[in-house]
Amino acid sequence: LVAVRRAQPLTLAVDSAGRWTLGADDGSVAGSGTMAPAVAAGTRLRLTALGACIVERGAPALVSAWNAATCAPVPGSPLP
């Protein structure tokens, strides 16, 4: 994927059915699959070249319990 080689940001998007895609702004897709929709339905994360994961869209519980620096839920949060 050219975006990865160029250290461009990627976006992880999860739809309401739990289908996810990881892609670049140019429309190229690095990966896709499915997950339990209750965990992340409607979520959109921006992944920077430095490793930060910024929630662009998601449930309020996800936004408030997400650590962008570690790209993981905050310890003790209700997130799995």
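These numbers were taken from a predicted model, which means no experiment stands behind them. Positions are given from 1, in the same order as the sequence printed here.
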Tell me, do [X] and [Y] make a side-chain contact under 4.5 Å, heavy atoms counted?
X: Trp66; Y: Leu45; value: yes
X: Met35; Y: Val14; value: yes
X: Leu10; Y: Asp25; value: no

- Task: Write down the atom of Asn67, the atom of Val74, and the distance for their closest heavy-atom approach.
- Result: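 Of all heavy-atom pairs spanning Asn67 and Val74, the closest is N-CG2, 4.0 Å.
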Tell me the closest heavy-atom pair linking Cys71 and Gly51, and the distance in Å.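 What the structure gives for the nearest pair is CB-O, 4.4 Å.
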Note to self: So that I can tick it off, tell me whether Asp15 and Arg44 are bridged by a salt bridge, with the cut-off set at under 4.0 angstrom between side-chain N and carboxylate O.
What the structure shows: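 Here Arg44 does not pair with Asp15 in a salt bridge, since their nearest N and O are not under 4.0 Å apart.
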Worksheet item: If you measure only the distance, is there a donor-acceptor pair under 3.5 Å linking the side chains of Arg46 and Thr11?
Response: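 Checked: Arg46/Thr11 side chains pair up, N/O donor to acceptor below 3.5 Å.
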